[in-house]
**Q** 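Below: one structure in C-alpha cells.
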2 protein chains.
Amino acid sequence: MSHPRKPAPAGAEHAPLELERFLPYRLSILSNTVSQAIADDYQRRYDLSVTEWRVMAVLARFHGLSAREVAERTAMDKVAVSRALARLVEAGRVHRETHGNDKRRSVLSLTEAGWLIHDDVAPMARAREREVLDKLDSEERAWLTRILDKLLEGVQGMGDDGEP
Amino acid sequence: MSHPRKPAPAGAEHAPLELERFLPYRLSILSNTVSQAIADDYQRRYDLSVTEWRVMAVLARFHGLSAREVAERTAMDKVAVSRALARLVEAGRVHRETHGNDKRRSVLSLTEAGWLIHDDVAPMARAREREVLDKLDSEERAWLTRILDKLLEGVQGMGDDGEP
DNA sequence: ACGTTATAGTTACAATTGCAACTAATTGCA
DNA sequence: TGCAATTAGTTGCAATTGTAACTATAACGT
C-alpha cells in the first residue's frame with residue numbers, strides 16, 4: 001500500500017556492475033563450490049561439518065591447544081569453535097581436559113577415533129584440492145600461490161573491526 | 001558416559017593437513033573477508049544484504065528478468081532469490097509484475113528508489129574491489145583473471161549434483 | 001588483600017539459510 | 001481434449017550461524 005513502486009527508469013548512464021567479472025563475486029562462487037565439493041565427501045561419511053573438520057585438522061597438527069588457539073588458527077570465531085568442540089567431544093572424536101595452571105583453559109587433542117577420521121579425510125581433501133589445481137599448469141599454480149599470499153596478507157585485520 | 005574419549009595417540013605418521021596452505025581454506029578466508037568488507041559499506045547505509053545487492057546488480061544490467069533468470073545469473077538458489085525479492089519489493093526497490101503470456105513468471109525491474117541505491121552502491125563496490133586489486137601489480141592482476149577464469153570454468157556444474 | 005579489568009568458554013535468542021513440500025500455471029503427448 | 005509431467009515461485013520447518021550477554025577464572029594495580 002504505502003510503497004511507491006514505480007515501473008523502472010532504466011537509462012544508459014547507470015554503469016551497472018558486471019557481477020561475473022567482479023572479483024568478490026567470483027571468489028565467492030569459486031570458494032563455495034570447491035569447499036562444498038570437498039565437504040560432501042566427508043559429511044556423508046562421518047557427519048562432519050566444515051567447521052568441525054577444520055578444528056580436527058588443527059588439532060592434528062598442534063597438540064594440546066586451547067579452544068581460543070584453535071579459533072585463532074582456523075580463523076573462526078570462538079562461538080563456532082565452542083560449538084564444534086561440543087559436538088566433537090560428544091562424538092568421542094576430541095578429548096578435552098582442563099589446563100592445570102589455568103582452569104579456564106581447555107587442553108584439546110584428537111582421540112583415537114578422531115585420528116582415524118583425520119587419517120581418512122586428510123588425504124581425501126588433498127586429493128580434491130589436487131583435482132582443482134590440476135586445471136592449472138605449473139606456472140599458473142605458482143602465480144596463484146603468490147597472489148593468494150599477497151591478497152591474504154593485504155587483507156589481514158580487515159575482518160577484526162578496529163574497535164577496542 | 002557412553003563415549004570412549006581416550007587421551008590422544010599422536011604419532012608422526014599422520015600427515016596432518018596444513019590448513020594455511022590449503023587452497024579451499026585460503027579461498028574461503030579471502031572471499032569472506034573481502035565480501036564482508038564490501039557488504040559492511042552498504043548494509044549499514046541501506047540495510048541491504050549481499051543477496052539483495054546481487055539481485056539488484058543483475059536487475060540493473062538486465063531488464064525484465066524473471067526470478068529464475070535472476071537466480072541463474074547470480075548463482076543463487078531460487079529460494080534465496082524469492083526471499084530477497086520479497087524484501088526488495090516490500091522496500092519499494094524492485095518493481096514486480098506478471099508476464100503477459102505466462103502468469104507464473106514475474107517481470108522484474110528496479111524502481112527509481114532502487115536505481116538511486118544502485119547508483120550509490122555500485123561505485124562503492126568497485127572502489128573496494130580496486131583497493132584489493134591494488135595490492136597486486138598489473139602482471140599479477142592479469143594472471144589472477146586468467147586463473148579464476150580457468151578454475152571457474154572447471155568448476156561449473158560441480159554444484160548441481162548430477163541427479164536427474 | 002581486594003576490587004577492577006581481562007580472558008576462556010558457554011548459553012540464549014534472533015536472524016539466515018537450506019531443504020522439502022506445496023500451489024499455481026504451462027507444456028506435452030496420448 | 002485431458003491428464004501426467006515441468007516449471008515458476010512461495011511457504012514452513014529445522015538446522016546453522018551471529019551477536020550479545022553471561023559464568024568462571026585469572027591477572028593487575030593499588
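So that the names make sense, note that chain A is the first sequence line, chain B the second, and so on, each numbered from 1. Note that the structure is a prediction, hence the values are computed from the model and not measured.
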**Q** Does any nucleotide pair with C:dA30 by Watson-Crick or G-U wobble geometry, both distances under 3.5 Å, and what is it?
**A**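 Per the H-bond distance test, D:dT1.
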
**Q** Nucleotides 19-25 of chain D: which of its N/O atoms have a protein N/O under 3.5 Å away?
**A**
{"from": "D:dT25", "atom 1": "O2", "to": "A:R104", "atom 2": "NH1", "distance (Å)": "3.2"}

**Q** Any side-chain to backbone donor/acceptor pair from B:E52 onto B:S49? Under 3.5 Å, distance only.
**A**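 Looks like yes, one N/O pair under 3.5 Å.
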
**Q** Side-chain N or O of B:S82 less than 4.0 angstrom from OP1 or OP2 on D:dG9?
**A**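 Answer no for this pair, as no side-chain N or O of B:S82 is under 4.0 Å from OP1 or OP2.
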
**Q** For the pair made of CG in A:L88 and P in C:dT10, what is the distance, rounded to whole Å?
**A**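 Roughly 12 Å, once rounded to whole Å.
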
**Q** Could you check how far CZ of B:R68 sits from P of C:dA24, rounded to whole Å?
**A**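 Going from B:R68 (CZ) to C:dA24 (P), I get 21 Å.
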
**Q** Could you tell me if A:D120 and A:Y46 have a donor-acceptor pair between their side chains, going purely by distance under 3.5 Å?
**A**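 Yes, a side-chain donor-acceptor pair sits under 3.5 Å.
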
**Q** To the nearest angstrom, how far is B:L65 atom CG from D:dG9 atom P?
**A**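 Checked: the CG to P distance equals 10 Å.
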
**Q** If you check the A:R96 side chain, which of D:dT11, C:dG9, C:dT10 turns out closest?
**A**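 Per side-chain heavy atoms of A:R96, the pick is C:dT10.
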
**Q** Is it true that the NZ or CZ of A:R73 lies under 6.0 Å from the centre of A:F62's six-membered ring and within 45 degrees of the ring axis?
**A**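 Yes, A:R73 and A:F62 form such a contact.
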
**Q** Between A:W53 and A:H118, what is the ring plane arrangement, given parallel below 30°, perpendicular above 60°, and tilted in between?
**A**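 Aromatic pair A:W53/A:H118 classed parallel.
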
**Q** Nearest-Å distance, CD (A:Q36) to C1' (C:dC19)?
**A**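 After rounding, the reported distance stands at 13 Å.
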
**Q** Regarding B:D40 and B:Q36, do their side chains bring together a donor and an acceptor under 3.5 Å, going by distance alone?
**A**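 B:D40 vs B:Q36: donor-acceptor pair found between side chains.
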
**Q** Between A:E97 (CD) and C:dA8 (P), how many Å, whole number?
**A**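 Answer to the nearest Å: 18 Å.
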
**Q** Scan residues 45-61 of chain B against DNA chain D and write down, sorted by residue number, each residue with any heavy atom closer than 4.0 Å; if none is found, say none.
**A**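 None - not one residue of the stretch has a heavy atom sitting under 4.0 Å from the strand.
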
**Q** Report all side-chain donor-acceptor pairs from residues 75-85 of chain B shorter than 3.5 Å, counting only partners two or more places apart or in another chain.
**A**
{"from": "B:D77", "atom 1": "OD1", "to": "B:V79", "atom 2": "N", "distance (Å)": "2.7"}

**Q** To the nearest angstrom, how far is A:L85 atom CG from C:dT10 atom P?
**A**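 The answer, rounded to whole Å, is 7 Å.
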
**Q** Can you measure B:M76 atom CE to D:dT10 atom P for me and round it to whole angstrom units?
**A**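 Whole-Å distance recorded here is 12 Å.
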
